[in-house]
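Reviewing the structure listed below.
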Amino acid sequence: MVRLRGTFTSLPPLLVLVCLLLWTETTLGSALKSTYIVHMERNSSHTDISIKAAWYRDLLRIATLETDQLLEPDEDDLHHVYHHTFDGFSALLTPQQVAYLQSSPQVIQLQRDTLRKVGHTTHSPEFMGLADGHLWPESNHGEDVIIGVVDSGVWPERPSFGDQQFGPIPSRWKGICESGTNFSASEHCNRKLIGARSFYKGYEAAGGVIDEAEGEYKSPRDSEGHGTHTASTAAGTWSHMASIGPGLGLGTARGMAPKARLAVYKALWKSIAGSDADILAAVDQAVADGVDVLSMSLGSPYDKARPDIARPELWKDMVAIAAYGAMKKGVFLSMSAGNDYALPNSTWGAVGNVAPWMTTVGASTTDRIFPADVVLGNGTVIQGKSGLNSKLLENMTSLISGCDAAKNSSVMSMACYCSPESLSPALIRGKIVLCIITGGDKGAGVLEAGGAGIIATSLPQEGDGIDGAQPDYVLPTVRVGVTARRIITEYITSTNSPTAHLRDPRNTQYNRAPAPAVATFSSRGPGFAYHRLYVIKPDIIAPGVDIIAAGIKEQQYSMLSGTSMACPHVSGLAALLKAAHPTWSPAAIRSALMTTATTKDSNNATITLLESGQSGTPFDFGSGFVRPERATDPGLVYDLSPGDYLNYLCMLGYPPQIIRAFDADAPACPATPIRVEDFNYPSFLVSIPVPETSSHSDRVLTNVGSPRATYVASVTDVANITIVVHPQTLSFNGLYEKKSFTLTVSVTNSLEGGTYYSSSTWSDGVHIVQSPIVIVRDSE
Ligand SMILES: *[C@@H]1O[C@H](CO)[C@@H](O)[C@H](O)[C@H]1NC(C)=O
Ligand SMILES: *[C@@H]1O[C@H](CO)[C@@H](O)[C@H](O)[C@H]1NC(C)=O
Ligand SMILES: *[C@@H]1O[C@H](CO)[C@@H](O)[C@H](O)[C@H]1NC(C)=O
Ligand SMILES: *[C@@H]1O[C@H](CO)[C@@H](O)[C@H](O)[C@H]1NC(C)=O
Ligand SMILES: *[C@@H]1O[C@H](CO)[C@@H](O)[C@H](O)[C@H]1NC(C)=O
Ligand SMILES: *[C@@H]1O[C@H](CO)[C@@H](O)[C@H](O)[C@H]1NC(C)=O
Ligand SMILES: *[C@@H]1O[C@H](CO)[C@@H](O)[C@H](O)[C@H]1NC(C)=O
Ligand SMILES: *[C@@H]1O[C@H](CO)[C@@H](O)[C@H](O)[C@H]1NC(C)=O
């Protein structure tokens with residue numbers, strides 16, 4: 001059950017975070033050092049970053065001298081200084097130094113640095129209704145809005161980053177381009193790509209190796225493809241004929257905000273892993289440089305064994321704290337919800353990046369698929385999806401399951417996944433192999449054993465949704481769902497000489513119905529219990545399956561899937577809204593995106609879940625699928641100021657010193673506690689535990705539509721629940737005028753415990769301002 005009440009009782013002991021991916025400790029003399037993020041109190045004498053850096057160096061020297069006479073203080077141990085979004089630094093520390101700093105009064109908290117693996121468009125602008133509407137002209141395609149992308153860097157030669165027709169760089173821009181390996185500021189930055197930096201001290205200290213001999217670059221150049229893809233999705237300029245294969249996705253590749261400026265902050269390295277210390281430094285620098293929108297397609301993967309670490313309490317999440325600092329400076333933050341799937345039979349979802357000042361973006365399909373067939377030797381045809389660039393196997397070929405082709409008995413389970421070194425070449429050679437293929441696996445194990453093709457199936461929990469998580473397989477591949485896997489396995493066991501062929505993809509098919517659907521991998525709400533969540537997350541969904549955008553190295557374009565691909569769609573749209581409405585706050589922009597989103601698909605039914613075909617809920621798609629054309633003219637917005645967010649922290653019951661950790665200037669919490677129900681979010685999460693029978697939520701609407709307008713409220717009915725909006729009519733007489741209303745939810749005693757879904761709508765006949773309502777009836 002979602003618990004909406006609860007108070008902050010005690011501060012847990014300082015965390016020693018275990019890195020999520022890989023970490024090592026650097027041995028220096030006898031002392032084991034590892035990287036920590038040290039979150040400091042504001043010191044009012046530190047008016048600029050150099051004074052602050054000098055003080056932190058002093059502090060480290062004192063910490064060394066006080067704890068280990070034999071250790072030479074090492075200036076290089078100070079990695080990053082955080083100044084613009086919060087106060088603190090990252091450094092290599094011995095356990096003794098950690099203990100010393102922990103007891104130091106200026107230190108708020110220390111966090112062991114973690115490496116994060118990021119969660120994770122020729123066609124999507126048309127599907128979203130951008131190409132023929134008026135948002136692009138109205139916003140001049142986002143000209144002069146600056147989008148900062150914290151990711152794996154950029155491949156600057158791609159046409160998406162060309163600067164033809166761009167005017168001078170906005171004078172308020174303070175950022176720079178750094179030169180480095182295969183990246184030259186003078187050659188590669190221009191009036192489109194106006195900033196490029198890289199951050200790696202944390203990554204290297206945590207054991208990450210930047211191997212330039214292996215094609216990595218210690219510079220803003222992207223060796224992973226993820227950052228180039230997300231940057232061009234957010235703000236790629238027009239580049240025609242973005243074809244990625246014969247007949248596949250022919251069209252014009254173009255970002256959401258083609259005229260926005262881009263600044264890339266490379267903090268993700270090999271396998272799109274990165275260190276928190278570096279990510280925080282990237283965010284801090286981006287804010288100092290003057291970005292308007294921050295696009296962050298990254299976050300901790302959910303870990304069932306350690307949910308407290310993967311989804312920490314808000315005040316222990318340094319990225320959330322830095323994000324607060326960015327929001328306070330007016331930066332809109334678009335973050336990916338994560339690729340952690342729906343957790344089966346769990347009351348809690350795995351959704352990440354849930355701070356209320358972040359816009360949390362889940363992933364959906366678009367109406368496009370790349371079909372391909374598996375034809376079994378007995379004539380059965382199974383529809384699947386082809387990989388990118390895949391030539392398929394038209395001739396009947398012997399078929400085998402990886403599970404039946406283990407090299408030896410100790411690698412049996414790995415063989416089902418066709419992992420490298422697990423398959424017997426004698427059994428595999430020349431055959432099509434049935435494999436469970438997960439994550440970034442491209443089928444190297446089958447190639448290595450001499451196989452001819454792959455039928456890739458999902459994990460059981462992925463069901464029959466065949467999201468194309470990794471389309472550039474190394475062999476001809478067709479991806480099918482788990483039901484198909486069962487049929488193919490049955491067929492293999494039913495005959496002595498199973499065969500199959502993989503039929504060529506026909507031309508790209510449009511108008512797949514129903515679309516959009518929530519991608520199987522897209523992390524669902526509600527947020528995990530460790531973070532007492534009072535708002536619905538994710539906030540919104542955007543295209544994140546089979547997205548075509550700029551590629552790296554020899555690949556002009558690449559097709560990727562993930563919430564990482566959904567996030568930059570929203571970043572680009574936020575830039576367009578910012579360009580069209582320069583005075584709107586980040587919260588107003590988010591409200592416009594949320595209240596104009598649709599919860600209906602192309603069948604005019606509630607958006608479904610790809611894994612099951614069943615209707616989704618706001619915990620799957622938030623307020624719905626973004627509709628940019630409507631977002632530019634939402635009529636009314638639910639606005640929030642930094643002060644409102646501080647009040648939210650008061651509502652969480654955080655003590656003053658923790659609230660000051662978010663904002664050193666935070667005033668004391670109001671004497672009369674503010675009710676969490678009244679937090680002015682554009683969606684409603686209402687808890688009515690037994691024996692209570694009703695709950696009311698106050699909201700304030702700001703008029704951003706016609707100066708004079710009368711809006712009438714309506715709600716959708718739910719059995720045994722009564723929802724009343726008072727007043728039912730709001731008349732506005734001026735732009736930016738504010739009016740409040742109360743939404744009261746009452747339940748009958750016969751209502752069974754559970755979660756119920758409704759929605760509220762304000763309309764003046766022109767605008768429709770819609771919010772989801774989730775009602776949680778706690779049965780205990
Ligand atoms: C603030 O920093 C200065 C050095 O810049 C230091 O001397 C002073 O002790 C610090 N004050 C506190 C309260 O930490
Ligand atoms: C990177 O620079 C090196 C040395 O100039 C050059 O040999 C290599 O081709 C460059 N690689 C790329 C991808 O540009
Ligand atoms: C979820 O619950 C259903 C019904 O209780 C059960 O059949 C199913 O096995 C459960 N799934 C998991 C993964 O626990
Ligand atoms: C497929 O079969 C045809 C006719 O038997 C043959 O000419 C062709 O070479 C085969 N293709 C491959 C890739 O084996
Ligand atoms: C089985 O194969 C794996 C991978 O090649 C190898 O590491 C392992 O030693 C083998 N085990 C046996 C028992 O042969
Ligand atoms: C082929 O084999 C599968 C698995 O046994 C079976 O489900 C299917 O009906 C068979 N197809 C035909 C045409 O017999
Ligand atoms: C969609 O369904 C609603 C009822 O759920 C109906 O009022 C509306 O007219 C339908 N719209 C279209 C375009 O069919
Ligand atoms: C609604 O109330 C009726 C009795 O009035 C009860 O039978 C039914 O189970 C209730 N429905 C739900 C969803 O709680």
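When a ligand or atom number is given, it counts from 1 through the structure's own listing order. Note that this is a predicted model, so its numbers are computed, not measured.
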By number and element, which atoms of ligand 6 are closer than 4.0 Å to a non-hydrogen atom of Tyr491?
2 (O), 4 (C), 5 (O)
Atoms in ligand 6 with a heavy atom of Thr380 nearer than 4.0 Å
1 (C), 8 (C), 10 (C), 11 (N), 12 (C), 13 (C)
Near Asn720, which atoms of ligand 8 are under 4.0 Å from a heavy atom of that residue?
1 (C), 2 (O), 3 (C), 8 (C), 10 (C), 11 (N), 12 (C), 14 (O)
Under a 4.0 angstrom heavy-atom cut-off, which atoms of ligand 8 come close to Leu751?
14 (O)
For ligand 1, list every N/O pair with the protein closer than 3.5 Å, one pair per line with the distance.
unit_1   : atom_1 : unit_2 : atom_2 : d
ligand 1 : 2 (O)  : Asn43  : ND2    : 2.3
ligand 1 : 2 (O)  : His46  : NE2    : 2.9
ligand 1 : 5 (O)  : His46  : NE2    : 2.9
ligand 1 : 11 (N) : Asn43  : ND2    : 2.9
ligand 1 : 14 (O) : Gln106 : NE2    : 3.0

So for ligand 8, is Glu752 a polar contact partner (N or O within less than 3.5 Å, distance only)?
yes
Flag if over 12 foreign heavy atoms under 6.0 Å of [atom1], [X]:
X: Asn749; atom1: CG; result: no
X: Tyr417; atom1: OH; result: no
X: Met414; atom1: CE; result: yes

When only distance counts, is Ser494 in polar contact with ligand 6, meaning an N/O pair under 3.5 Å?
no
Checking side chain to side chain donor-acceptor pair (under 3.5 Å) for the pair Asp284/His83: CA distance, chi angles, key distance, verdict?
CA-CA 7 Å; Asp284 204 59; His83 182 60; over 6 Å; no
Could I get the full list of ring-ring contact (aromatic ring centres under 6.0 Å, His included) partners for Phe684, not counting sequence neighbours?
none
Not counting sequence neighbours, which residues clear salt bridge (charged side-chain N to carboxylate O under 4.0 Å, His left out) with Asp404? List them please.
none
Could you pull out all residues at least two apart from Asp87 that satisfy salt bridge (charged side-chain N to carboxylate O under 4.0 Å, His left out)?
Arg42, Lys52
Is there a donor-acceptor contact under 3.5 Å from the side chain of Arg675 to the main chain of His696?
yes
Answer yes or no for Leu376: is there a heavy-atom contact with ligand 6 below 4.0 Å?
no
Can a salt bridge be assigned to the pair Lys201 and Asp76 using a cut-off of 4.0 Å between side-chain N and carboxylate O?
no
